[in-house]
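Proteins come first, then strands; the chains are lettered A, B, ... in the order of their sequence lines, and each starts at number 1.
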2 protein chains.
Amino acid sequence: MDYPRAVPTVPPTNAEPLRADSARVRARMLRAARERLAAGDLELPMNAIAKAAGVGVGTVYRHFPSRQALLEALAAERFALLVDVAERAAVGPDVAAELARLLRAALEHQRADPALAAVLAEPDAARPETRELGEALTAAVERLLERARATGVIRPEITAGNLQALFCGLQHTVRVGGGTGTDRYIDILLRGLRA
Amino acid sequence: MDYPRAVPTVPPTNAEPLRADSARVRARMLRAARERLAAGDLELPMNAIAKAAGVGVGTVYRHFPSRQALLEALAAERFALLVDVAERAAVGPDVAAELARLLRAALEHQRADPALAAVLAEPDAARPETRELGEALTAAVERLLERARATGVIRPEITAGNLQALFCGLQHTVRVGGGTGTDRYIDILLRGLRA
DNA sequence: ACCTGAACACCGTTCAAGT
DNA sequence: ACCTGAACACCGTTCAAGT
C-alpha cells in the first residue's frame, strides 16, 4: 500500500462537542460499521459504510481519516472496558486470580470485538485517544506485574510489554484453534508465567 | 470478499512433469513473488507478480488458481522442512529437547517466510500438497506428544491441535512484541505445557 | 496447449463542487 | 462549515482472442 496518506481535515480529538447533526451522522456511521463487523466483514470498506450510513464517502473520511482511525473508534469502548479490568486487577486482593481474570477479559473482549484485536496488535495508534488507552493499559499491567512478581505469580523477567504481546498471541492461538479451548490456553499461559 | 470463485483450469498437482518452458515460467513467477515478499510486501498482488515475471495475469492464474494457492506454493518448501524437523523430533532421544527444538523451528521458519505463517494459520488448504504436509505435521506432532506425555514433558490433555495452534499464537506474540524475546516466549510456553 | 492483456467489479482516498 | 459523489489509482479475477 503506497497511497498518498490522508491529511486529517478535522483533528481526531474534539475538545468541543460536535454539532448535533454531525454527532448524529457520526453515530450512524459507527452503527453501520458495527453491523458489518457483526455480520463477519472484517474489511470495513469505507465506501460500503458510507452507503449503509446514507452519507458520502467524504463524510466518513472527515470523521475517520483512515480505516485504522475507524477501527480505533470502534474499538475504543471495549478498550476502555479492558483498561478498567486491568486497573481493578492491579488493586485486587488475590493477584493470581486477578491476572487470570485479566487474561480472560482480554480474550473475551477481543473475541467479541475484532476491531479491538486489530488495534491491540497494531503498535502505532492513529488517534491520540487510542494512545492514551494503550498507556493506561500498560500502566495498569505494570502495577499488577509488580505485585505479581513479589508473590511469585510471575517470574521477575516478564515485562508489561511481554504480557500485552501475549494477550494478542493468546487470542490468535484460540482463533486458529477454532475458537475452543480458551480455558486450556489461559491455563498454559498462567503456568508458563509462574515463577 | 464475494467474487466468483476461480475454477482451476489445471489441477494444482501435476503427476507428469511440466513442459520445460512452462516450468521456466512457473519458476519466474515464484521468484518474482518471493522477491516481493522479501521486500516486505505481504499482499502479493497477482497483477504485479505477472508484470514482474514478464507474463500475463492469466498465466499466473493458470499456475496458481488463487492467491491462497500461490501462498501455499511459496510456503511448501519451508513447510516440508518444518515437517522434517517434527519427524526427527518424534524419534529423537531427549523428548523435552526435541519439543524445544520443534518450537524454535516453527517460529524461525514462520519468521523467515511470512507465507508459511499465513498457511499454518489457515485451516483449509487450497492445494492437496498443502493438506498432505499438514497431515504429516499433525502425525509427527502426535507421535512426539505421546512420548512427551509419558515423560511428563507435556500434560496429557494437550492435543496435537492445541500445539499447532500454539505454533501460530507464539509467532503472533513475537511479531506483536516487536520480534524480540523469542527465547522468553518459548520458555513460557514450554513451562506452561509441562505436567 | 498455452499465453496475453483488456475488461469487469471492486477497493481506498481525494477534492471540486454544491448546500 | 459541512457534505456529496465523481474521479483516480489501484486491487482480484475472468475470458475472448491470439500463437
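- Other residues, nucleotides and ligands contribute only 12 or fewer heavy atoms inside 6.0 Å of the CZ atom of R88(A).
- dG12(D) and dC8(C) make up a base pair, with Watson-Crick or G-U wobble contacts both under 3.5 Å.
- Distance OH (Y61(B)) to C1' (dT13(D)): 5 Å, rounded to an integer number of Å.
- One can place CD of Q68(B) at 11 Å from P of dT13(D), the figure rounded to the nearest angstrom.
- Residue R36(A) contributes atom CZ, which lies 12 Å from atom C1' of dC11(C) at whole-angstrom precision.
- Going from atom NE2 of H63(B) over to atom P of dC2(C) covers 8 Å, rounded to whole Å.
- One can place CE of M29(A) at 12 Å from C1' of dC2(D), the figure rounded to the nearest angstrom.
- We find that CG of N47(A) is positioned 12 Å from C1' of dA7(D), with the value rounded to whole Å.
- A salt bridge links R149(B) with E142(B): at least one charged nitrogen is closer than 4.0 Å to a carboxylate oxygen.
- When each of dG12(C), dC11(D), dC3(D) is scored by its nearest atom to the side-chain atoms of V25(A), the top-ranked nucleotide is dC3(D).
- Salt-bridge check for D187(B) with R155(A): passed, with a basic side-chain N closer than 4.0 Å to an acidic carboxylate O.
- Applying the Watson-Crick and G-U wobble criteria (two distances, each under 3.5 Å), dA1(C) pairs with dT19(D).
- At a threshold of 4.5 Å between non-hydrogen side-chain atoms, the residues V85(B) and L81(B) do not count as touching.
- Residues from residues 48-59 of chain B with heavy atoms under 4.0 angstrom of DNA chain C, sorted by number: G54(B), V55(B), G56(B), V57(B), G58(B), T59(B).
- dC11(C) atom C1' lies 12 Å from atom CE of M46(A), rounded to whole Å.
- When the side chains of ILVMFWY residues are joined at heavy-atom separations under 4.5 Å, either directly or via intervening members, V153(A) and L190(A) end up in a single hydrophobic cluster.
- Between E98(B) and R101(B) a salt bridge is recorded (basic side-chain N to carboxylate O distance below 4.0 Å).
- Ion pairing of R104(B) with E108(B) is absent here, as no side-chain N (NZ or NE/NH1/NH2) approaches a carboxylate O to less than 4.0 Å.
- Nucleotide dC10(D) holds its C1' atom 13 Å from the CG atom of D41(B), rounded to whole Å.
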